[in-house]
Amino acid sequence: MAVIGIDLGTTNSLGAYWKDGTVHLIPMEGERFLLPSVVGYVEGEGFLAGAAAKERLILYPEDTVASFKRFMGTEKEYHLGGKAYSPMELSAMVLEQIKRNAEFFLKEEIEEAVITVPAYFNDKQRSDTKKAAQIAGLKVDRLINEPSAAALAYRMEYGEEDRTLLVFDFGGGTLDLSYVECFDNVIEIIAVAGDNHLGGDDIDQAVSEYFCRENGLKSEELTKEDQAKLRKLSEVSKCALAEREEVTMELETGGRVCRVLLNEERLFEICMPLFGKIKQLFVHILEDAGSKVSGIDELIMVGGSSKLGVVKRFLRELLGKEPIVLGETDRVVACGAGVYAGIRQRREEIRDMLLTDVCPFTLGIGVNNRANRDKNILSPMIERNTTLPASHRERFVTVGDYQKEIRIQIYQGEEYYVDDDVLLGELTIEVALKPAGQAWVDVQFTYDINGILHVMAENEMGERRQILLANQTLSEAELEWYTREMEKIMLPPIQQPENQKMLAFFLDYYEKSTGHKRERIASMTGRILTGLSSGRKKEVKNAEKLGKMWMTQLQQAMDMQEELLFDGELKVGFGEELDDFEEESDEFGEESEEFI
């Protein structure tokens with residue numbers, strides 16, 4: 001069984017694996033490695049994930065969704081086929097497609113996956129990522145931060161020289177920065193910073209808003225189809241500036257043709273508000289790392305949006321350094337995940353490599369606010385950017401006379417008031433009946449490399465209470481329900497149990513046949529496979545109907561003597577049925593011959 005690495009991206013997703021001393025990408029659709037993170041619904045046919053769904057994004061925006069990773073861990077819902085789906089469930093469909101493609105390519109079951117997440121994903125977002133993997137049938141013990149995976153890929157590419165890196169991971173929906181020190185066989189993450197709502201999608205949105213302003217349009221008044229066309233036009237025009245000095249954006253809407261000229265200088269101006277946010281993140285991470293720009297040896301560019309000329313120009317002017325582009329920037333994180341998959345498998349050449357990580361957000365408990373007892377404040381236990389694993393123990397006392405118990409609420413975040421942070425869980429423990437400030441409880445936080453937080457409270461009588469917060473996975477009942485639902489909506493016709501049984505019958509008969517018989521069975525099987533794989537409801541039903549009819553006739557023939565099988569009436573019957581099938585299914589003809 002294989003272990004693979006997966007870059008579950010906002011715009012595109014990839015899979016990778018380690019073999020023969022190097023990392024390899026897994027083809028997702030044909031010879032393409034990038035699987036669009038898009039899910040669509042086709043009435044009467046079900047769900048699509050990947051390129052087929054992306055092709056429907058403009059014409060069928062009501063039944064197609066993208067960029068849902070940006071809302072992982074939230075209550076946002078998307079409506080497809082009359083039902084509501086969460087970002088977690090949609091991500092599961094993408095992961096399930098990756099798993100299916102990987103198993104087909106590697107010809108073995110996927111035992112485990114290492115999935116990358118934005119460094120600034122909180123506990124709920126990481127938890128939902130693990131749940132999505134569970135629904136897709138993937139075991140995931142380890143999530144690694146995307147910039148950490150990029151640093152791992154850099155280390156494998158450029159050798160063992162000691163270097164200090166700043167990884168700039170700018171994707172379709174998120175931006176992550178990581179300050180990394182590489183030495184010996186260790187890749188140590190010193191600090192992380194980021195924004196889960198800042199990426200290439202925001203540049204597309206800024207360009208779309210500029211187009212509307214220049215043409216006196218209001219984006220909210222455009223039809224959904226025109227909005228989708230404008231966003232696609234903005235994305236294409238932005239990318240086209242890599243090869244052309246200027247691009248004319250043109251869109252017909254509301255009975256008139258709207259145009260605007262876009263060049264690098266204008267795009268740079270449009271992006272300035274976004275660049276201001278990026279600059280603040282650089283200030284933030286350098287302060288947390290206790291470093292300066294001069295302490296950075298290399299600036300590593302990762303993510304599809306980092307390829308943009310305006311982004312490189314901004315970073316060059318900001319840092320005074322020439323960025324290093326690691327090959328195709330949208331594949332680097334997946335390669336790092338594939339390397340880590342090899343480490344998980346204890347591959348000889350990389351098993352001693354060590355990748356450390358940090359706590360991305362401060363973990364603490366809510367304590368009494370003397371100035372306002374209705375608004376508790378955060379008492380940090382493990383500060384952000386603390387190297388993992390980490391542990392901290394602290395004593396807390398009662399605030400009321402003869403208080404019977406203390407309720408310990410566990411939070412994640414950087415805000416002063418706990419109401420603005422994320423509540424992870426809570427526990428309650430009894431305390432001695434004493435005046436305020438005299439009864440106490442010791443609280444210990446222990447946070448490991450896999451994002452599992454253990455909180456233990458012990459009172460002065462030696463009694464203990466504890467809670468484990470582990471990016472909680474699904475319960476058995478939840479997993480069973482989601483698995484059934486996923487099978488209903490994502491299992492393609494060719495993998496339906498009944499069709500698999502039918503194909504197995506034909507293949508078994510093919511193995512037992514020779515000569516003319518084998519040719520006839522091969523032709524039947526090839527045409528059925530082509531029909532089931534067509535993705536079109538009519539062809540699928542036609543293939544299923546004819547396959548069942550032929551299987552019945554072959555079964556009847558098998559019950560007769562061997563010498564009569566193709567020498568009597570049956571031979572003519574099979575020939576006629578095959579001719580009829582060819583006349584009814586002209587649209588698959590040539591494809592099936594190529595398949596065979």
Side-chain angles (χ1 to χ4, degrees), residues 10-12 36-43 48 52-72 74-87 90 170-175 195-241 244 246-278 304-305 308 310-311:
T10 304
T11 307
N12 294 293
S37 300
V38 183
V39 174
Y41 177 78
V42 183
E43 183 67 38
L48 302 170
K54 185 177 181 181
E55 289 171 2
R56 297 173 56 84
L57 197 55
I58 294 177
L59 294 179
Y60 303 96
E62 298 278 357
D63 294 316
T64 316
V65 292
S67 297
F68 39 82
K69 176 185 169 182
R70 302 185 79 171
F71 298 97
M72 187 77 88
T74 72
E75 300 303 316
K76 185 175 176 63
E77 292 184 338
Y78 298 85
H79 294 270
L80 295 172
K83 290 185 178 181
Y85 294 91
S86 67
L90 296 171
F170 195 32
T174 61
L175 170 62
D195 188 330
N196 292 333
H197 293 276
L198 178 57
D201 288 351
D202 298 279
I203 295 179
D204 298 340
Q205 181 62 29
V207 173
S208 296
E209 291 171 358
Y210 170 74
F211 182 92
C212 288
R213 285 197 306 272
E214 291 296 300
N215 286 281
L217 301 173
K218 293 184 178 180
S219 59
E220 64 272 15
E221 294 178 357
L222 298 177
T223 65
K224 289 194 174 181
E225 184 175 338
D226 281 349
Q227 287 179 17
K229 287 180 178 178
L230 179 56
R231 288 298 295 272
K232 183 64 178 178
L233 176 63
S234 299
E235 178 190 359
V236 171
S237 301
K238 168 191 75 177
C239 295
L241 291 177
R244 295 155 59 184
E246 59 182 29
V247 178
T248 299
M249 297 176 63
E250 185 174 295
L251 177 70
E252 184 176 349
T253 181
R256 67 188 181 105
V257 177
C258 300
R259 297 183 182 87
V260 76
L261 190 67
L262 187 69
N263 55 36
E264 284 278 352
E265 198 61 40
R266 185 60 50 85
L267 182 60
F268 193 84
E269 293 174 7
I270 292 170
C271 292
M272 282 308 295
L274 302 177
F275 291 157
K277 293 181 179 180
I278 293 174
S305 299
L308 295 174
V310 290
V311 174

Could you state the interatomic distance from CG (L198) to CZ (F275), rounded to the nearest 0.5 Å?
-> 10.0 Å
Hey, could you give me the CD1/OG distance between I203 and S305, rounded to the nearest 0.5 Å?
-> 5.5 Å
The single option from T10, D204, D201 passing side-chain hydrogen bond (donor to acceptor under 3.5 Å, both in side chains) against S67 | D201
With a 4.5 Å heavy-atom cut-off, do V42 and R56 have their side chains touching?
-> yes
Can you tell me if N263 uses its side chain to pair, donor with acceptor, with the backbone of E265 under 3.5 Å?
-> yes
Decide if atom NZ of K76 counts as having more than 12 heavy atoms of other residues, nucleotides or ligands within a radius under 6.0 Å.
-> yes
More than 12 non-hydrogen atoms from neighbouring residues, nucleotides or ligands closer than 6.0 Å to CD on E220, yes or no?
-> yes
Is any side-chain heavy atom of V207 less than 4.5 Å from a side-chain heavy atom of M249?
-> yes
Is any side-chain heavy atom of V310 less than 4.5 Å from a side-chain heavy atom of L241?
-> no
Can you check whether L262 reaches E214 side chain to side chain, under 4.5 Å on heavy atoms?
-> no
More than 12 non-hydrogen atoms from neighbouring residues, nucleotides or ligands closer than 6.0 Å to OH on Y60, yes or no?
-> no
Heavy atoms, side chains only, cut-off 4.5 Å: are F68 and Y85 in contact?
-> no
Exactly one of R231, R70, K277 clears salt bridge (charged side-chain N to carboxylate O under 4.0 Å, His left out) with D202, and that residue is R70
Pair K238 + E235: basic N to acidic O under 4.0 Å = no
